[in-house]
**Q** 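Can you read through this structure? Questions will come right after.
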Amino acid sequence: MYDLVIIGGGPAGLAAGIYAVRYGMDVIVLEKSIVQGQISLTSVIENFPGFPSISGRELMQHFKAHATAAGVEMKAAEVKTIKDNGDSKTIITFDEEIETKAVIMATGAEPRRLGVPGESKYLGKGVSYCATCDGPFFAGQEVIVVGGGDSAITEALILSNIAGKVYVIHRRDELRSCDLLKKRATEKENIEFIWDTTLEEILGDELVEKVRLKNVKTNETKEMNIDGVFIFVGISPRTEIVDVEKTKNGFIKTDGLMQSSVSGIFAAGDCRETVMWQVVTAVSDGAVAAVSAYKYIMGLE
Ligand code: NAP
């Protein structure tokens, strides 16, 4: 039986792994895919101390190298569900069952879908949730970015260096993103804001050709020719595998020690209800969760 199983190998999961090893715990990190977390899809990170500007993928490589050097055991496995047996938990994957004393959910989140007609149909055919992955397909072309948060503006800035023109479609007349990003985006000549507007439909033939937009103040709709649609309207946590208390959007509720509503099940990073979802807070959550899990196990023994 493991002391601790960490589900998810992103920043929160690997930080938890590093701390768990240092506390002498018998720990394993289970990661479903080789793309480790949302961070790997992030074009540029400028607010993780020690790295003034680094791509998400590169930062993740540093985390992974650090975890490996620290002796964190990692395994590719997709978890179906977690069974709570009181003092122990059973992690049921598609291939096996793993017994553990404690669990840290570090399963992260994925881009939230808008849910408009055409969004699924044109995924990979002009609709994208990742500027780093798909931006180069739109060199010199016209794209829209939907959203007004840090992700939308960060990715709009990246796209503005590739595409000919970037329209940012935002449902209000004020951005949610931080001031520095706002300033950079408003100073970019080929970024244009379309305020008080929602994306209603994505249209095309084989590929995206146009979008239907609606001004939420006047209710007027119009069609606009476009080559690509990048959607950044928040994140959706991956928490279906665990039966603990969650918010209405599915984020796991925890206390300050990262303890969920079920004893011995902790949560860290983007899958947890918190005030900010950043790499730096995910790493901090992971450290706190690992030490909390250690104390929980010591109390059990
Ligand atoms: P976010 O901060 O929740 O912003 C989502 C944006 O999408 C908001 O502007 C929101 O509009 C808009 N939106 C949501 N639902 C919509 C809908 N149905 N139709 C139209 N617009 C919709 O999400 P995020 O930008 O993905 O960021 C997630 C977290 O990661 C945040 O904590 C963020 O700070 C963090 N993050 C940080 C960085 C960084 O520090 N460099 C980079 C990326 C992400 P309203 O504003 O009207 O609500």
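Worth knowing before you read on, the calculation uses all heavy atoms, side chains too, and leaves out hydrogens, waters and symmetry mates. Whatever order the structure lists ligands and atoms in, that order sets their numbers, starting from 1.
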**Q** Thinking salt bridges, do Arg171 and Asp196 make one under a 4.0 Å N-O criterion?
**A** no
**Q** May I have all residue pairs that pass disulfide bond (SG atoms under 2.5 Å apart) and include part of residues 141-197, sequence neighbours excluded?
**A** none
**Q** Can you list the residues that meet the side chain to side chain donor-acceptor pair (under 3.5 Å) rule with Lys214, with sequence neighbours excluded?
**A** none
**Q** Considering only residues two or more places apart or on different chains, which pairs with a residue in residues 107-121 satisfy side-chain hydrogen bond (donor to acceptor under 3.5 Å, both in side chains)?
**A** Glu110-Arg238, Glu119-Tyr129
**Q** Give every pair made of an N or O atom of ligand 1 and a protein N or O atom lying under 3.5 Å apart, one pair per line with both atom names and the distance to 0.1 Å, or write 'none'.
**A**
{"unit_1": "ligand 1", "atom_1": "9 (O)", "unit_2": "Gly148", "atom_2": "N", "d": "3.0"}
{"unit_1": "ligand 1", "atom_1": "9 (O)", "unit_2": "Gly149", "atom_2": "N", "d": "3.3"}
{"unit_1": "ligand 1", "atom_1": "11 (O)", "unit_2": "Arg171", "atom_2": "NE", "d": "3.2"}
{"unit_1": "ligand 1", "atom_1": "11 (O)", "unit_2": "Arg171", "atom_2": "NH2", "d": "3.4"}
{"unit_1": "ligand 1", "atom_1": "25 (O)", "unit_2": "Asp150", "atom_2": "N", "d": "3.3"}
{"unit_1": "ligand 1", "atom_1": "25 (O)", "unit_2": "Ser151", "atom_2": "N", "d": "3.0"}
{"unit_1": "ligand 1", "atom_1": "25 (O)", "unit_2": "Ser151", "atom_2": "OG", "d": "3.2"}
{"unit_1": "ligand 1", "atom_1": "26 (O)", "unit_2": "Ser151", "atom_2": "OG", "d": "2.9"}
{"unit_1": "ligand 1", "atom_1": "30 (O)", "unit_2": "Trp277", "atom_2": "O", "d": "3.0"}
{"unit_1": "ligand 1", "atom_1": "32 (O)", "unit_2": "Trp277", "atom_2": "N", "d": "3.3"}
{"unit_1": "ligand 1", "atom_1": "34 (O)", "unit_2": "Asp150", "atom_2": "OD2", "d": "2.8"}
{"unit_1": "ligand 1", "atom_1": "34 (O)", "unit_2": "Gln278", "atom_2": "NE2", "d": "3.0"}
{"unit_1": "ligand 1", "atom_1": "40 (O)", "unit_2": "Asn47", "atom_2": "ND2", "d": "2.6"}
{"unit_1": "ligand 1", "atom_1": "40 (O)", "unit_2": "Gln278", "atom_2": "OE1", "d": "3.0"}
{"unit_1": "ligand 1", "atom_1": "46 (O)", "unit_2": "Arg172", "atom_2": "NE", "d": "3.4"}
{"unit_1": "ligand 1", "atom_1": "46 (O)", "unit_2": "Arg172", "atom_2": "NH2", "d": "2.8"}
{"unit_1": "ligand 1", "atom_1": "46 (O)", "unit_2": "Arg176", "atom_2": "NE", "d": "2.9"}
{"unit_1": "ligand 1", "atom_1": "46 (O)", "unit_2": "Arg176", "atom_2": "NH2", "d": "3.4"}
{"unit_1": "ligand 1", "atom_1": "47 (O)", "unit_2": "Arg171", "atom_2": "NE", "d": "2.9"}
{"unit_1": "ligand 1", "atom_1": "47 (O)", "unit_2": "Arg172", "atom_2": "NE", "d": "2.7"}
{"unit_1": "ligand 1", "atom_1": "48 (O)", "unit_2": "Arg171", "atom_2": "NH2", "d": "2.9"}
{"unit_1": "ligand 1", "atom_1": "48 (O)", "unit_2": "Arg176", "atom_2": "NE", "d": "3.4"}
{"unit_1": "ligand 1", "atom_1": "48 (O)", "unit_2": "Arg176", "atom_2": "NH2", "d": "2.6"}

**Q** Would you call Asn85 and Asp87 a side-chain contact if the rule is heavy atoms closer than 4.5 Å?
**A** no
**Q** Are the charged groups of Arg184 and Glu46 less than 4.0 angstrom apart, N to O?
**A** yes
